[in-house]
Student: 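Input: one structure, supplied below.
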Amino acid sequence: MAIVFQKTKGLTEKQTHYCPGCTHGIIHRLVAESLEELGLLDKAIGVAPVGCSVFAYDYFSCDMQEASHGRAPACATGIKRVHPDSAVFTYQGDGDLASIGAAEIVHAAMRGEKFTTIFVNNAIYGMTGGQMAPTTLIGQKATTAPLGRDENHAGMPLRVSEMLATIPKAVFVERVSVHDVPNIMKAKKAIKKAFEIQMKGLGFGIVEVLSTCSTNWGKTPVEALKWLKENMIPYYPIQNFRNPEEVK
Amino acid sequence: MAKELWKGNEAIAEAAIKAGCKYFFGYPITPQNEIPEYMALKLPQEGGCFLQAESEVAAINMVYGAAGAGARVMTSSSSPGISLKQEGISYIAGAELPCVIVNIVRGGPGLGSIQPAQSDYFQATKGGGHGDYRMIVLAPASVQEAVDLVQEAFDIADQYRNPVMVMGDGMIGQMMEPVEFVEIPKRQLPEKDWATTGLRGRKEHNVINSLYIEASQCDKHNEDLFAKYAKMEETEIRCEEYNLEGAEIVFAAYGTVARIVKNAIKSLEKEGIKAGLIRPITLWPFPKANFLKAADMPNVKAFLSVEMSMGQMVEDVELSVKGKKPVYFYGKAGGAIPTPKAIVEEAKKILGGAK
Ligand SMILES: Cc1ncc(C[n+]2csc(CCOP(=O)(O)OP(=O)(O)O)c2C)c(N)n1
Ligand code: SF4
Ligand SMILES: [Mg+2]
């Protein structure tokens, strides 16, 4: 009998601590499968963030470092400069990357650091219990925006991919989503492509993955997928923003 | 090799390269700019990498990444920049990564001044970042000593898997002195089999981390760290004793202030007053025993800590002396430097009172 599906070697046996229905788990699988399929597990070095995915270092089977909040791109810079032939990636949430670590991601992109960033945008601070993120939508409730985000008070949600796409050395920028199977498959393609571009040494690549946080959105996992589709995608369009062909 | 005239900052950078430092991440700030500038020119020639980071925060986290990846790596800054690095230093200590951090101290607080100071003593020795951790802090008193200590700092860091700080007041960075680069005896160092290099055939993945979510595990981690720090305290203390025999007053001073104090001691001698000096070279671990021993000498009437600060090391001197003799303080802050004359007068005032 042929095997049609099998757990990737890119993940350890450790059971994840994610809430049931959280899409962090799917994104972990996509990254791990991509590394395995590209034969990169043996020379991959990942950087975990501070956020719900803080324990990613226990879940990925490759070498891992745990960075301080927002500094994963700086940490990855240090790693990649020491081991230029390795496949280096950061896995970061939206609070981590778009708020406290905004400078580090912009400057890593500016320098064209040859690593790959997986940016998990769930429009909320998951780990600390649902506070407002820079990506929280207008009107979306958060524990620190109890009446919903007001643009006159907290400004407009940051579109990270659009911003980074203006940086010449950010050669691959794509936003994907994991709210249904076709999109999960598209997300996998983008992640794989980002790693291929890294290994070709073309420059910095980022895949922004729209993700759910049913727990802090106050929804069931299924409702959360629907909410993502109906509310996040109109503001955060699923799209490729930069491709190496384009920069050639 | 014959002696050559070197500016302190450049000598520190050259010493690091000679010690095998291959990576440098930093951000400009006076009075240490010659270190990154020298590295920017020389490291690529040595097959290494210099990178100007977007901030001190980024720089120290690049150091974290590179140290975790197994490299010999250094950063340098001055007081405000070192403040920004503190979270990173705490993570480096927590994850047990070896690296060298140079602080060419300037006057504070806030933007302070760009002149030499010693006002970062507390920050360096008492854990400027969060959590319980210790860091070896080496305080050179001359450009030659800076060169020797920087070379050894890398070995100390590797031996203990711990950050090491070389702390020079601004004077050490800016003055020119004759230097001879002599090779420091290499220590027997453990393999970096914990480094994240990519598996490359290894079975178990390596993880660089400072998170221990279970309280009992975090407690154990702290216990393990402190067993390591105890070993450092046992073996790494460095201190210069000068003129203690028959001394009525014993100065405590480190860095360039210790040299000014030596001048003051000569002046006092001319006036028939015997004075000595204990110069801590490691600010942590602090040479407590040297001070306690001096406190037990019947000839010693008092201690006087002289610092380019409002009084920081003096607290460690007091703790070491254990109340056996009175401990006094004299200092200048914000970039002002104590003069030998002022130190002599201070000593005479104390001895007048102590008689
Ligand atoms: C310096 C610092 N500030 C704040 C925190 C607390 N903190 C932990 S996770 C987090 C937010 C994480 O949100 P995000 O990056 O969106 O990840 P998510 O949990 O949503 O996946 C914050 C603020 C911290 N650990 N360190
Ligand atoms: S809090 Fe939200 S992001 Fe975190 S694990 Fe739970 S569902 Fe996922
Ligand atoms: Mg989030």
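Chain letters run A, B, ... following the sequence lines, proteins first, then strands; residues in each count from 1. Computation of the quantities below employed the complete heavy-atom set of this structure, encompassing side-chain atoms and omitting hydrogens, waters and symmetry-equivalent molecules.
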Student: So which part of F60(A) gets closer than 4.5 Å to some heavy atom of chain B, the side chain, the backbone, both or neither?
Tutor: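 The backbone, not the side chain.
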Student: To the closest 0.5 Å, what do you measure between NZ (K203(B)) and OG (S61(A))?
Tutor: 12.5 Å
Student: Taking atom NZ of K126(B) as the centre, report whether more than 12 heavy atoms of other residues, nucleotides or ligands fall under 6.0 Å from it.
Tutor: yes
Student: Got a sec: does the CD1 of I114(B) have more than 12 other heavy atoms crowding it under 6.0 Å?
Tutor: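 Counting neighbours around CD1 of I114(B), 12 or fewer heavy atoms of other residues, nucleotides or ligands fall under 6.0 Å, so no.
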Student: Any heavy-atom pair between the side chains of I208(B) and Y57(A) that's under 4.5 Å?
Tutor: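 With C-beta onward as the side chain, the pair stays apart.
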Student: Using a cut-off of 6.0 Å, state whether more than 12 heavy atoms not belonging to E191(B) lie near its atom CD.
Tutor: no
Student: Within the 4.5 Å heavy-atom criterion, are C49(B) and R81(A) side-chain neighbours or not?
Tutor: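 Contact flag for C49(B)/R81(A) side chains = yes.
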Student: Under 6.0 Å from the NZ atom of K186(B), do we count more than 12 heavy atoms belonging to anything else shown?
Tutor: yes
Student: Between V47(A) and chain B, with a heavy-atom cut-off of 4.5 Å, which part of the residue counts as in contact: side chain, backbone, both or neither?
Tutor: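 For V47(A), there is no contact with chain B at all, as no heavy atom is under 4.5 Å.
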Student: Any idea which heavy atoms bring H69(A) and Y91(B) closest together, and the distance?
Tutor: N-OH, 4.3 Å
Student: So which heavy atom on A74(A) is nearest to which on M62(B), and how close?
Tutor: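 Looks like O-CG, 3.2 Å.
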Student: Is the backbone N or O of G198(B) less than 3.5 Å from a side-chain atom of H83(A), with the two atoms forming a donor-acceptor pair by type?
Tutor: no
Student: Do R71(A) and V57(B) come close enough that some side-chain heavy atom pair is under 4.5 Å?
Tutor: yes
Student: Go through A66(B), G48(B), A67(B) and name the one with the most non-hydrogen pairs under 4.5 angstrom from chain A.
Tutor: A66(B)
Student: Quick one: what part of I213(B) sits under 4.5 Å from any heavy atom of chain A, side chain, backbone, both or neither?
Tutor: side chain
Student: When you measure from the side chain of H107(A) to the backbone N and O of A53(B), does any donor-acceptor pair fall under 3.5 Å?
Tutor: no
Student: Is R202(B) paired with D63(A) through a side-chain N to carboxylate O contact shorter than 4.0 Å?
Tutor: yes
Student: Is the CZ atom of F50(B) crowded by more than 12 outside heavy atoms at less than 6.0 Å?
Tutor: yes
Student: Tell me, do R111(A) and L51(B) make a side-chain contact under 4.5 Å, heavy atoms counted?
Tutor: yes
Student: Using a 4.5 angstrom heavy-atom cutoff, name the option from A44(A), C62(A), A67(A) with the most pairs to chain B.
Tutor: C62(A)
Student: Spell out, as yes or no, whether a donor-acceptor pair under 3.5 Å connects the side chain of N61(B) to the backbone of C75(A).
Tutor: no
Student: Answer yes or no: is there a donor N or O on one side and an acceptor on the other, between the side chain of Q65(A) and the main chain of G65(B), under 3.5 Å?
Tutor: yes
Student: If I compare all heavy atoms of E104(A) with all of S55(B), which pair ends up nearest, and what's the gap?
Tutor: OE2-OG, 4.3 Å
Student: Hey, is the main chain of G78(A) close enough, under 3.5 Å, to the side chain of Y64(B) for a donor-acceptor pair?
Tutor: no
Student: Side chain, backbone, both or neither: which part of A59(B) has a non-hydrogen atom closer than 4.5 Å to chain A?
Tutor: neither
Student: Heavy-atom pairs under 4.5 Å with chain B - which of A108(A), S68(A), S86(A) has more of them than the others?
Tutor: S68(A)
Student: Taking all heavy atoms of V82(A) and all of A71(B), pick out the closest pair and write down the distance.
Tutor: CG2-CB, 3.6 Å
Student: Looking at chain B, which one of I45(A), V88(A), T12(A), T77(A) has the largest number of heavy-atom pairs inside 4.5 Å, strictly under?
Tutor: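 Heavy-atom pairs under 4.5 Å are most numerous for I45(A).
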Student: What do you reckon, is NZ of K192(A) surrounded by more than 12 foreign heavy atoms closer than 6.0 Å?
Tutor: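 Yes.
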Student: Between L41(A) and L199(B), which heavy-atom pair has the shortest distance, and what is it?
Tutor: O-CD1, 3.7 Å
